[in-house]
2 protein chains.
Amino acid sequence: MIKLTQHRQVILDLINESNHHWEAEELARTLAERDHPIGIATVYRGLAALEAQGLISSFQLADRKRYERASKAHHDHLICTECGTIEEFSNDRIEQQQDLVAKENGFSITGHQLVIFGVCRKCS
Amino acid sequence: MIKLTQHRQVILDLINESNHHWEAEELARTLAERDHPIGIATVYRGLAALEAQGLISSFQLADRKRYERASKAHHDHLICTECGTIEEFSNDRIEQQQDLVAKENGFSITGHQLVIFGVCRKCS
DNA sequence: TTCTATATGATAATGACTATCATTACTATT
DNA sequence: AATAGTAATGATAGTCATTATCATATAGAA
C-alpha cells in the first residue's frame, strides 16, 4: 500500500499551490529553498507514488517529465517554442474525435497526450 | 552545409523501406545485422541531419525518440499500452480544431504531437 | 517496547544522447 | 596526382534524467 508520507504531502502541497508544470529537479530545488530539502531520489519516488494514486498528472516534454495537479479539469497543452511558456486548453471536439479515431481503429482508448507547439503572443 | 553521406543514405534507405517507427539503437542494430555497422554516435548525428533536411520525421515517446519516413502524409499515432503496437491515423477535424485552439490562445502554430493510448483489437 | 514494513538519503548505476578528438573521407583546386 | 580544406566518422568519455542499491531511519501495529 502506497503511503502518503509527510515528504509526499509536502511535494503534493507544492504542486497543488499553483497550475505550474513542474520538473522533478525544479521541485527539489524549490523545496530546498523553502528549507525543506528532500533527496532527489525521494522526489522521484514520491512523484511516482502520487501519480499512481491519481493525485498528480504528468506528461512528457522532450526528454523530461512535467508534473501538475490532478484536480484540474482535463486539458491539453500549448507550448511556445521561443520562451517555453505552457498554456492549457480544453476542446471537446478534439476529445470526441479522438474517441472516434480510437473506435475506428479497433482501439479501446485509455488516454492521450496532445501538445500543440507554436509561438505565443508575446514572442511574435 | 549538411551532406547526405553514404552512411546517412544507408540510414535513410532503411527508414524508407517501411512505415516502421525506428529507435536509434534499433537502427544501429539492424544495420550491424546487415553487415553495415555504423557507430551509434554517427547514427544519432545522421538522424539529426536527416531530420533537419526534412527527409525523416520524429516524435517523442516516453523517454526516447522514434523516427519514420517524412514522405508519409501527415498523421498522428495510436499506441497500444499492452503490446506497444503503433498505428497511424489522420483526422482533419482534429487538425482544424488544433488551428482554432492555437488562434484562440494567441499562438502562431508550428506543429503538434498527438498520441492516443489504448488497447488494440488483438490485446482486448 | 518490540517488530515489521516501508521510506529515506546518498550515491552508484543505467540508458538515451552528445561532446571530444584523432583519424578518415570527400570534394574542390591546382 | 597531389594538396588543402571541411566535414564525417568511430570510439569513448561525458552529460543528465532517472532508477537501483543499501544502510539507516521512520511509522505504525502488536
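Not measured: the values here are computed from a predicted model. Naming: A, B, ... by sequence-line order, numbering from 1 per chain.
Summarising the geometry, the separation between CG on B/Leu4 and P on C/dC26 is reported as 13 Å, rounded to the nearest angstrom. Atom NZ in B/Lys65 sits roughly 18 Å away from atom P in D/dC16 (whole-Å rounding). Between A/Leu47 atom CG and D/dA17 atom P the separation is 14 Å, expressed in whole Å. The interatomic distance linking B/Ile38 (CD1) with D/dT12 (P) rounds to 18 Å, in whole Å. The interatomic distance linking B/Arg64 (CZ) with D/dT18 (C1') rounds to 13 Å, in whole Å.
Of the residues in residues 6-14 of chain A, those lying under 4.0 Å from DNA chain C by heavy-atom distance are A/His7, A/Arg8. Proximity of residues 23-35 of chain A to DNA chain D (heavy atom under 4.0 angstrom from any strand atom) is not detected for any residue.
Annotation: side-chain hydrogen bond (donor to acceptor under 3.5 Å, both in side chains) contacts of B/Glu95 (sequence neighbours excluded): B/His74. For B/Phe59, the ring-ring contact (aromatic ring centres under 6.0 Å, His included) partners two or more places apart in sequence, or in a different chain, are B/His21, B/His77. Residues satisfying the side-chain contact (heavy atoms from CB on, under 4.5 Å) criterion with B/Arg93, sequence neighbours excluded, are A/Gln97, B/Asn91. Qualifying side-chain contact (heavy atoms from CB on, under 4.5 Å) partners for A/Thr85, counting only residues two or more places apart in sequence or in other chains: A/Cys80, A/Cys83, A/Glu87, A/Lys122. Checked against salt bridge (charged side-chain N to carboxylate O under 4.0 Å, His left out), A/Glu82 has no partners two or more places apart in sequence or in another chain. Residues satisfying the side-chain contact (heavy atoms from CB on, under 4.5 Å) criterion with B/Arg29, sequence neighbours excluded, are B/Glu25, B/Glu26, B/Glu33.
Taking a cutoff of 4.0 Å between a charged side-chain nitrogen and a carboxylate oxygen, A/Arg34 and A/Glu17 qualify as a salt bridge.
Identified under the ring pair (Phe, Tyr, Trp, His ring centres under 6.0 Å) test for residues 29-50 of chain B, with sequence neighbours left out: B/His7-B/His36. Judged as a salt bridge (Lys or Arg N to Asp or Glu O under 4.0 Å), the pairs with a partner in residues 38-58 of chain B (not counting sequence neighbours) are, in order, B/Glu51-B/Lys65.
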So which protein nitrogen or oxygen atoms get under 3.5 Å of nucleotides 18-25 of chain C's nitrogens or oxygens?
| from | atom 1 | to | atom 2 | distance (Å) |
| --- | --- | --- | --- | --- |
| C/dT20 | O4 | B/Arg45 | NH1 | 3.3 |

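As a member of the Ile/Leu/Val/Met/Phe/Trp/Tyr network built from side-chain separations under 4.5 Å, A/Leu100 groups with nothing else and remains a singleton.
An OP1 or OP2 oxygen of D/dA8 is reached within less than 4.0 angstrom by no side-chain nitrogen or oxygen of B/Thr5.
Residue-environment remark: NZ (A/Lys103) stays at or below the threshold of 12 foreign heavy atoms within 6.0 Å.
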